[in-house]
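Nothing fancy with the numbering, it's 1 onward along the sequence.
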Amino acid sequence: MALTPALTVLFVVIYAVCCQLEDVIIDRYFIPAFCPREVQIGDYVRYDYNGTFKDGRKFDSSLNKGFPFIGQVGVESKVIPGLDKGVQGMCVNERRKITVPPHLAYGVLGSGSVIPPETTLVFDVHLLDLWNKEDKVQIRTIYRQQKCKRKVMPTDFVRYHYNGSLLVGNIFESSYLQNTTYDTYVGSGSLIKGIEEGITGMCVGERRSIIIPPFLAYGDKGYGTKIPPYATVIFDVLLVDLFNVKDDINVEVQMIPQPCRRKAVLGDFIRYHYNATFQDGTIFDSSYARNSTYNTFIGMGHVIAGIDKALQGVCVGEWRRVTVPPHLAYGETGSGELIPGSAVLIFDMHIIDFHNPKDQVHINVTNKPAACNLTSDANDLILYRYNCSLLDGTRLYSSDDYPEPPRVILGQGKLISGLDEGLHGMCVLERREITVPPHLAHGANDAMGIPTSAVLLFEVELLQLQKGVPEGFLFIWLHDSPEPLFPAMDMNQDHKVLLEEFAAFIMLQVAEGRGRIHPGIDSDKALKEMFRNQDRNTDGKITEDELNIIVNEEKEVVTHMEL
């Protein structure tokens, strides 16, 4: 008998209630704290699993096979429907126990001799990886400096540190453990596509986490034993260095003192301090640490090409930052253990002084009295004040450090030649700045705390001036001497001149401005020496014959007294 429509509906309802099929049972017994995405239909997954019966007997395991399951979820799936359904919503590194009823497993037929008919299966699943063909490289900037003067572009050469890991966190490689950066050109095909994309636009010192899907990483082959096939990889990258083979040096002038009397040129000898760093700020050298300037000639190949070029055009006292690309520094080989290959170098420089072997003394008159009738010259006795410093302002010594200002006779080799020259031609109370190059000062030798090859700056003031006599003379005539001389010297006309009479005569000439006695010698000693030179027979008196013999025949007197 045919069932009525009402009975048909009742039969269907009763069948649905008494024969409802079981669904998969999911036990999420480990869920990672961070889960950026969950498995959805269409995603590709890679997971390890153990398959057991309800009594715990194992029938299959990816761990025993030595490789995980890889497949697409819900699309022509290679697995039973229950397992396909059971992994949906999983996070990477999550662990699930998935209980699959027979109708979502192998049903009434089972699977050969392994799975009996109508068998419930239990799968312990650990999700290792998750991606989709629509995935892009994911970039997360962890740190970036506020000032970024330059970003990575194709054809640039980069040096970076990295940690490479799988999505589950296993590190497969690290440049830190190898204690060396990874160095390569961008866009040359030496990097996987995801890394090329991930580091483009980075700044030196920037840190990025770069997540790369398998098809932009190592694909279906993986990489040796380190990276399995179809693996998403994560690179935590720190960009250490960046340059381009077309780069020239970059000079940032930070301070130029005014005035700048002249700029350094090829052939100059220069002294400068510096701090040298890599682009990430790591210091690898410093002249300050050695407490000594770096001294060299400009343009003679004594320093790396970039610095040789950067030193041209500097002023004394200038501060500048110089960025030198590797091809103008130490190239691909670097320098020992100090500087790695292909390293960009940064020098923060302070120019202390420079000079040329052809330089002369430079004189800057800072004050000159309106009335100036007498100027200093060779053999003059002067009294002067001074301050001596380096060109960077470092004070060396001063006459103020002593009880009295120094007295010196010019042109007698008592001073360094440059200072002696600079003190010539001065008026009393005149002030000068005298710049003395090293070859007219202490040269390549250090003296009294003065660095080698240092240019010296003297601030001087002439306090007193006594005109002198030529070297080797004790007395000179400023006008014609009396003719005849002996009667003028024999003031009491007794035809003999004693020491007292000789001294009175000479001092009279000095007092009346007709002669000058040596200013650097005690006058009494000078007069006695002059008298002894005239008293040929040492009888304590000078006669006319003795005076005439010396003047007319031997002329020895010119080394003692001009008559």
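No side-chain donor-acceptor contact under 3.5 Å links Thr293 and His273. In the model, Ser175 has no side-chain atom that pairs as donor or acceptor with a side-chain atom of Thr181 under 3.5 Å. Side chains of Asn170 and Ser165: no donor on one and acceptor on the other come within 3.5 Å.
Aromatic pair Phe284/Phe278: ring centres closer than 6.0 Å. A ring-centre distance under 6.0 Å is not found for Tyr402 and Tyr397.
The two residues Leu191 and Tyr160 come nearest to each other via the heavy atoms CD2-OH, 3.3 Å. Shown here for Val265 and Arg262, the closest heavy-atom pair between the two residues is CG2-NH1, 4.2 Å. Between Ser453 and Arg271 the shortest heavy-atom distance is O-CD, 3.0 Å. When all heavy atoms of Asp308 and Gly299 are compared, the closest pair comes out as OD1-N, 2.7 Å. Here the closest non-hydrogen pair linking Pro357 and Gly267 is CD-O, 3.9 Å. For the residue pair Leu128 and Pro68, the shortest heavy atom distance occurs at CD1-CB, 4.0 Å.
We find the CG-CZ distance between Leu239 and Arg159 to be 9.5 Å, quoted to the nearest 0.5 Å. Interatomic distance, Asn356 CG to Ile270 CD1, rounded to the nearest 0.5 Å: 12.0 Å. Between Trp131 atom CH2 and Phe215 atom CZ the span is 9.5 Å, to the nearest 0.5 Å. Rounding to the nearest 0.5 Å places CD1 of Ile227 at 7.5 Å from CD of Glu173. Within the model, atoms CD of Glu38 and CG of Leu127 stand 11.0 Å from one another, a figure rounded to the nearest 0.5 Å. The line from OG1 of Thr184 to CD of Glu196 is 7.5 Å long, rounded to the nearest 0.5 Å.
Under the 4.5 Å side-chain criterion, counting only non-hydrogen atoms from C-beta, Asn50 is not in contact with Phe123. Counting heavy atoms from C-beta on, the side chains of Asn163 and Phe235 never come closer than 4.5 Å. With a 4.5 Å cut-off on side-chain heavy atoms, Thr232 and Ile211 count as touching. Contact of the Glu94 side chain with the Arg28 side chain is registered, since non-hydrogen atoms from C-beta on lie closer than 4.5 Å. Inter-residue side-chain proximity for Tyr384 and Pro406 is flagged as met; some heavy-atom pair is nearer than 4.5 Å. Taking 4.5 Å as the limit, some side-chain heavy atom of Ile339 sits within range of a side-chain heavy atom of Leu345. A heavy-atom distance below 4.5 Å is not found between the side chains of Leu83 and Val24. The shortest distance between side-chain heavy atoms of Thr180 and Pro340 does not fall below 4.5 Å.
Between Tyr218 and Phe172, the two ring planes are perpendicular [angle over 60°; tilted spans 30° to 60°]. Relative orientation of the Phe269 and His355 rings is tilted, given thresholds of 30° and 60° on the angle between their planes. Using cut-offs of 30° and 60° for the angle between ring planes, the Tyr47 and Tyr49 rings count as perpendicular.
Ion pairing between Asp248 and Lys309 holds under the 4.0 Å rule for side-chain N and carboxylate O. Classification of Lys97 and Asp27 as a salt-bridged pair fails, no side-chain N sitting under 4.0 Å from a carboxylate O. Ionic pairing of Arg207 and Asp236 is not present here: no N-O contact between side-chain nitrogen and carboxylate oxygen is shorter than 4.0 angstrom. Comment: Arg290 engages Asp285 in a salt bridge, judged by a side-chain N to carboxylate O separation of less than 4.0 angstrom. The pair Arg150-Asp247 meets the salt-bridge criterion, since a charged nitrogen lies less than 4.0 angstrom from a carboxylate oxygen. Under 4.0 Å is where a charged nitrogen must lie from a carboxylate oxygen, and between Lys246 and Asp156 no such pair does.
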Walk me through it: do Arg261 and His362 pass the test side-chain contact (heavy atoms from CB on, under 4.5 Å)? CA-CA 10 Å; Arg261 186 164 60 86; His362 180 266; 3.5 Å; yes
Verdict with reasoning, Val237 to Ile210, per side-chain contact (heavy atoms from CB on, under 4.5 Å): CA-CA 8 Å; Val237 174; Ile210 305 169; 4.0 Å; yes
Steps toward side-chain contact (heavy atoms from CB on, under 4.5 Å) verdict (Phe157, Ser342): CA-CA 8 Å; Phe157 190 91; Ser342 301; 3.5 Å; yes
Checking side-chain contact (heavy atoms from CB on, under 4.5 Å) for the pair Asp359/Asp268: CA distance, chi angles, key distance, verdict? CA-CA 10 Å; Asp359 282 350; Asp268 283 345; 5.5 Å; no
Salt bridge (Lys or Arg N to Asp or Glu O under 4.0 Å) between Lys414 and Asp420: does it pass, once the steps are laid out? CA-CA 8 Å; Lys414 304 297 184 181; Asp420 199 311; over 6 Å; no
Apply salt bridge (Lys or Arg N to Asp or Glu O under 4.0 Å) to the pair Asp60 and Lys65, showing each step before the final yes or no. CA-CA 9 Å; Asp60 193 14; Lys65 293 176 181 178; 3.5 Å; yes
Starting from the C-alpha separation in whole Å, work towards a yes-or-no answer on salt bridge (Lys or Arg N to Asp or Glu O under 4.0 Å) for Asp124 and Arg96. CA-CA 6 Å; Asp124 197 323; Arg96 284 185 177 184; over 6 Å; no
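In this structure, Asp401 places its CG atom where more than 12 heavy-atom neighbours from other residues, nucleotides or ligands lie under 6.0 Å away. Around the CD atom of Glu252, the shell of radius 6.0 Å holds more than 12 heavy atoms that belong to other residues, nucleotides or ligands. For Gln312, the CD atom sits in a packed shell: over 12 heavy atoms of surrounding residues, nucleotides or ligands are nearer than 6.0 Å. Atom CD of Glu134 has 12 or fewer neighbouring heavy atoms from other residues, nucleotides or ligands inside a 6.0 Å radius. Other residues, nucleotides and ligands place more than 12 heavy atoms under 6.0 Å from the OH atom of Tyr29. More than 12 heavy-atom neighbours from other residues, nucleotides or ligands sit within 6.0 angstrom of CZ on Arg144. Atom CG of Asn179 is surrounded by 12 or fewer heavy atoms from other residues, nucleotides or ligands within 6.0 Å. The neighbour count for Gln258 CD, taken as heavy atoms of other residues, nucleotides or ligands under 6.0 Å away, is above 12.
Evaluated for a ring pair (Phe, Tyr, Trp, His ring centres under 6.0 Å) with His350, the options Trp319, Tyr274, Tyr288 yield exactly one hit, Trp319. The residue from Tyr272, Phe354, Phe347 that alone fulfils the ring pair (Phe, Tyr, Trp, His ring centres under 6.0 Å) condition with Tyr294 is Tyr272.
A search for disulfide (SG to SG under 2.5 Å) contacts involving Cys91 returns Cys35, not counting sequence neighbours. Residues passing the side-chain hydrogen bond (donor to acceptor under 3.5 Å, both in side chains) test with Ser292, sequence neighbours excluded: none. With sequence neighbours left out, the salt bridge (Lys or Arg N to Asp or Glu O under 4.0 Å) criterion links Glu318 to Arg320.
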